[in-house]
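The structure follows.
Chain naming here is simple, since letters A, B, ... match the order of the sequence lines and numbering starts at 1 in each. Just so we're clear, the structure is a prediction, and the values are computed from it rather than from any experiment.
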Protein chains: 2
Amino acid sequence: MVDGGAGSPTPGGRADAPRKRADARRNEAALLEAAAAAFLDAGVDVPVRDIAARAGVGVGTIYRHFPTRADLIVGVYRHQVQACAEAAPALLADSVTPHAALTAWIDRFVDFLVTKHGLAGAMSSDTAAFETLHGYFLDRLVPACARLLDAAAAAGEIRPGTDPRELLFAVGNLCAGRAPYYDARRMVGLLVAGLRLR
Amino acid sequence: MVDGGAGSPTPGGRADAPRKRADARRNEAALLEAAAAAFLDAGVDVPVRDIAARAGVGVGTIYRHFPTRADLIVGVYRHQVQACAEAAPALLADSVTPHAALTAWIDRFVDFLVTKHGLAGAMSSDTAAFETLHGYFLDRLVPACARLLDAAAAAGEIRPGTDPRELLFAVGNLCAGRAPYYDARRMVGLLVAGLRLR
DNA sequence: TGGCAAACGGAACAGCGTTCCGTATAGTTC
DNA sequence: GAACTATACGGAACGCTGTTCCGTTTGCCA
């Protein structure tokens, strides 16, 4: 569920980076574990102190390892984001049409977002602190999305020229809101349907 | 830009309600004025103290007149929301097709939202404090939107059964995010296009 | 003009993110 | 194994929020 940490020079990491102390590596792992649990229980906006308490460390330790909340969020979800990005080629190969692959891939992205309380909101936020988060997601997912869009456009299924960044951001926005009568999946479906040529 | 206040029993208001003191009415007006200016400068999330300072009153006075931030926001924008709702019938009468009227009306709503920093975000928030805001907007705008949707469905332009609340909420979500490459209008256009039967 | 209910102002409190520095300790060197 | 140093830790402290509360002021009416 959680990986070894963002910039941590594990034995397999960057060779020239100085090796971190054992307690530092232990705490980083504990923090990622605690943060993942806290995000699940209380959303990604959970107070920093709560995460620190769960991990059994002081708040200073959080900031040392993860200067911004975005770094922590990225640390927790990087594997899942990566997996989502890597799922695109297979979907493209297995689906009957590129647009079906696009739909399936976006469904997967939406599933990821709606199960993480507040994550979509954080991604959409234009706060400087979340710039990193925004950037990280986009860096990984935009190329995957672009391939799907290109394939669908080449097949004549959708109008060409859609910016994958913009589309993904819109999907994120649609996933950010919660209401009893609101189904983000349905609205995203409408959005993707709107891409189709008629 | 700002009206006389939410529940304020002005001479023309509720007959049985006790008339408020002159300074209270003056302060309520000043607060609405100050809030409108502050929202424009710093978004609807501007600190309460800033609004109080602009209006030349203490923070206690704000809470007396507007128990929640949502009440203040509603007070500031109620006229514009009302006007938006009332524009629907005319659009329906003047447009060549119901779907065109729907598009135009939603464009108007989007224009309203994107020019109010943070308003869409506040509307989408599921915080209890913003329940009021959410409810207010929906109460006014849902009937207007429903008429347009019904007309378009009756004309066979869109699939019937779309929940106007859900659609409006989705539009709000799309307007909540900001990014250099992101154009909420375009994405809302995609969403509305997705409604069309093909 | 006197009195009282209404309204005011801002101090005070609680919860948050963030910084900072005295203290503890892992790793290295002798 | 002991001493030393850079690294890392913990949590108090600070500043900025929303919100409450109560002593003081003031508009209004008799």
Can you name the closest pair of heavy atoms from A/Cys175 and A/Ala184 and give their distance?
CA-CB, 4.0 Å
Integer-rounded Å distance: C/dC20 P and A/Ile62 CD1
18 Å
Closest heavy-atom pair, A/Gly75 versus A/Leu32, reported as atoms and distance to 0.1 Å, is C-CD2, 3.6 Å
If only atom types and distance count, is the side chain of B/Ser125 paired as donor or acceptor with the main-chain N or O of B/Thr127 below 3.5 Å?
yes
Produce the list of close N/O pairs, under 3.5 Å, pairing protein atoms with atoms of nucleotides 28-30 of chain D; give distances to one decimal.
from, atom 1, to, atom 2, distance (Å)
D/dC28, OP1, B/Ala22, N, 2.9

Could you tell me whether the phosphate oxygens of D/dC9, OP1 or OP2, come under 4.0 Å of any side-chain nitrogen or oxygen in A/His65?
yes
Is there a donor-acceptor contact under 3.5 Å from the side chain of B/His134 to the main chain of B/Met123?
yes
Please state how far atom CZ in B/Arg64 lies from atom C1' in C/dA6, giving the value in whole angstrom units.
9 Å
Report each atom pair, protein N/O against N/O of nucleotides 16-18 of chain C, whose distance is under 3.5 angstrom.
from, atom 1, to, atom 2, distance (Å)
C/dG17, OP1, A/Arg69, NH2, 2.6
C/dG17, OP2, A/Val48, N, 2.9
C/dG17, N7, A/Arg49, NH2, 2.5
C/dG17, O6, A/Arg49, NH2, 2.7
C/dT18, OP2, A/Tyr63, OH, 3.0

Short side-chain N/O contact to C/dC8 OP1/OP2 from B/Asn27, under 4.0 Å:
yes
Spacing between B/Ile51 atom CD1 and D/dC16 atom P, to the nearest angstrom
18 Å
Give me the distances for all protein-to-nucleotides 1-3 of chain C N/O pairs that come in under 3.5 Å?
none

Closest heavy-atom pair and its distance - A/Leu148, A/Ala101
CD2-CB, 3.9 Å
Who pairs with B/Tyr182 by ring pair (Phe, Tyr, Trp, His ring centres under 6.0 Å), at least two apart in sequence or on another chain?
A/Phe169
Partner of B/Asp23 under side-chain hydrogen bond (donor to acceptor under 3.5 Å, both in side chains), chosen from B/Lys20, B/Arg21, B/Arg25:
B/Arg21
Neighbour count above 12 (heavy atom, 6.0 Å) for A/Arg178 CZ:
yes
Which side-chain N or O atoms in residues 36-61 of chain B pair as donor and acceptor under 3.5 Å with protein atoms at least two apart or in another chain?
from, atom 1, to, atom 2, distance (Å)
B/Asp41, OD2, B/Arg54, NH2, 2.7

A/Ser95 side chain to A/Thr97 main-chain N or O, any donor-acceptor pair under 3.5 Å?
no
Listed by chain and number, what are the ring pair (Phe, Tyr, Trp, His ring centres under 6.0 Å) partners of A/His117, not counting sequence neighbours?
none
